[in-house]
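Scope of the values below: all heavy atoms of this structure, side chains included, with no hydrogens, waters or symmetry mates. Keep in mind that what you see is a predicted model, and the values were worked out from it rather than measured.
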Amino acid sequence: MTVSTQELLLSRIRDVPDYPKPGVLFKDITPLLADPQAFTALTDALAELCVRHGATKIVGLEARGFILAAPVAVRAQIGFIPVRKAGKLPGATLSQAYELEYGTAEIEVHAEDLAAGDRVMVIDDVLATGGTAEASLELIRRAGAEVAGVAVLMELGFLAGRNRLEPALRGAPLEALITL
C-alpha cells in the first residue's frame, strides 16, 4: 500500500470525541465508506493482502468487519464467511466465548462453512484489545481450517491488542493498514 493510499484512508476517518462515553475518542469510518475512491482503495489493499497470504476464504467479524470483508472477498474472488454474535446464525454452529473488559461475549460461525484445506484471512475494521480476533482464530482452527492472517484497517496500538493476539496467531501475519 502506498503512502498516498494510507493518507487517503486516514483523511476519511473522523474523530468523534466522548463517544460512546466520556474520555473515548471514537474513530468513525463512515466517511471513508461514503467516499467511493477511499472505499475502493481500502478494498483493493485488503484484497491484495488476502491474495499475497494465499487466503481461500475470508472471515468478516460482526459488524463493521462484514462491510469491509464482503467486497474484499468479491475483489479477491474467494468466499466470505460471517462470524456473528451468538444466536444470530441458523443451523449448526461452532461458538467461542471470550473475555471483554467487563464480562464475556460469544461469537459463532456456521460449522460447515470452514473445513480442512481452507486458508482463512480474518478482516475487521479495528484491532483494539484483540479479544474478538483472538476468539475468531480459535473458531477457525476448531473448524479444521488454517489461519492465513488477520488484516485490519486500523490498529489502536495503545490498547496492546497485537501483544494479546501474537500467541494466537502462531506465526500468521497481522496486517494493519493504519496504526494509531
Requested in this report: Check E108 against S95 and note the closest heavy-atom contact, atom names and distance.
Outcome: CG-CB, 3.6 Å
Query raised in the report: Of the non-hydrogen atoms in S136 and L61, which two are nearest, and what is the gap between them?
Result: CB-CD2, 3.7 Å
Query raised in the report: Are the side chains of K57 and I78 in touch, meaning some heavy atoms are under 4.5 Å apart?
Result: no
Report task. Could you pull out all residues at least two apart from A105 that satisfy side chain to side chain contact (heavy atoms under 4.5 Å, CB included)? Result -> Y98, L100
Report task. Identify whether the distance between the nearest side-chain nitrogen and carboxylate oxygen of K27 and D15 falls below 4.0 Å. Result -> yes
Requested in this report: Answer with yes or no whether the hydrophobic clustering places L10 together with L42; edges join I, L, V, M, F, W, Y residues whose side-chain heavy atoms lie under 4.5 Å apart.
Outcome: yes
Requested in this report: For residues V120 and I58, determine if any side-chain heavy atom of one lies less than 4.5 Å from a side-chain heavy atom of the other.
Outcome: no
Query raised in the report: Heavy atoms, side chains only, cut-off 4.5 Å: are L68 and I123 in contact?
Result: yes
Requested in this report: Working to the nearest 0.5 Å, report the span between CG of L8 and CG of D35.
Outcome: 6.0 Å
Query raised in the report: Taking atom CD1 of I107 and atom OG1 of T93, what is their separation to the nearest 0.5 Å?
Result: 11.0 Å
Requested in this report: Taking all non-hydrogen atoms of both residues into account, name the closest pair between P82 and L89 and its distance.
Outcome: O-CD1, 4.4 Å
Query raised in the report: Would I67 end up clustered with I29 when hydrophobic side chains under 4.5 Å apart are linked, directly or stepwise?
Result: yes
Query raised in the report: Among L156, V126, I13, whose side chain to side chain contact (heavy atoms under 4.5 Å, CB included) with I178 holds?
Result: I13
Query raised in the report: Considering only heavy atoms from C-beta outward, does the side chain of V150 approach that of L127 to under 4.5 Å?
Result: no
Query raised in the report: Under the side chain to side chain contact (heavy atoms under 4.5 Å, CB included) criterion, do F39 and R12 qualify, and how do the steps go?
Result: CA-CA 10 Å; F39 196 11; R12 300 304 188 272; over 6 Å; no
Report task. Would you mind listing the cluster partners of F26? Hydrophobic ones only (ILVMFWY), side-chain contacts under 4.5 Å, chaining allowed. Result -> V16, Y19
Query - Spatial distance of atom CG (D113) from atom CZ (F80) [nearest 0.5 Å] - result: 10.0 Å
Requested in this report: Starting from the C-alpha separation in whole Å, work towards a yes-or-no answer on side chain to side chain contact (heavy atoms under 4.5 Å, CB included) for R14 and T30.
Outcome: CA-CA 8 Å; R14 178 177 52 185; T30 58; 3.8 Å; yes
Report summary line: Tightest non-hydrogen contact, residues A55 and M121, listed as CB-CB, 3.8 Å
Query raised in the report: Under a 4.0 Å N-O cut-off, is there an ion pair linking E166 with R162?
Result: no
Query - Heavy-atom pair with the smallest gap, counting every atom of A151 and L49 - result: CB-CD1, 4.0 Å
Query raised in the report: Would you say L159 and L177 are hydrophobically clustered, going by side-chain heavy atoms of ILVMFWY under 4.5 Å?
Result: yes
Query raised in the report: Any Lys/Arg nitrogen of E134 or R164 sitting under 4.0 Å from an Asp/Glu carboxylate oxygen of the other?
Result: yes
Query raised in the report: Is M154 close to L180 at the side-chain level, that is, under 4.5 Å between some pair of heavy atoms?
Result: yes
Query raised in the report: Can E175 and R52 be counted as an ion pair, charged N to O under 4.0 angstrom?
Result: yes
Query raised in the report: Taking all non-hydrogen atoms of both residues, which atom of A135 and which atom of Q96 are closest, and how far apart?
Result: O-CG, 3.6 Å
**Report entry** Check: T40 side chain, Q37 main-chain N or O, donor-acceptor pair, under 3.5 Å
**Finding:** no
Report task. Check the pair D118, I81 against side chain to side chain contact (heavy atoms under 4.5 Å, CB included), reporting the backbone distance first and the verdict last. Result -> CA-CA 12 Å; D118 287 333; I81 312 297; over 6 Å; no
Report task. Give the intermediate values and the outcome of side chain to side chain contact (heavy atoms under 4.5 Å, CB included) for residues L32 and L9. Result -> CA-CA 7 Å; L32 188 157; L9 298 177; 3.9 Å; yes
Query - Linked, directly or transitively: V152 and L169 (ILVMFWY side chains, under 4.5 Å) - result: yes
Query - Residues that R119 engages under side chain to side chain contact (heavy atoms under 4.5 Å, CB included), provided they are two or more places apart - result: T56, E146, A148
Query raised in the report: Below 4.0 angstrom, N of the basic side chain to O of the carboxylate: do K85 and E106 qualify?
Result: no
Query raised in the report: Can you find a side-chain donor-acceptor pair between T5 and T2 that sits under 3.5 Å?
Result: yes
**Report entry** Within-4.5 Å side-chain heavy-atom neighbours: L94 and L114
**Finding:** no
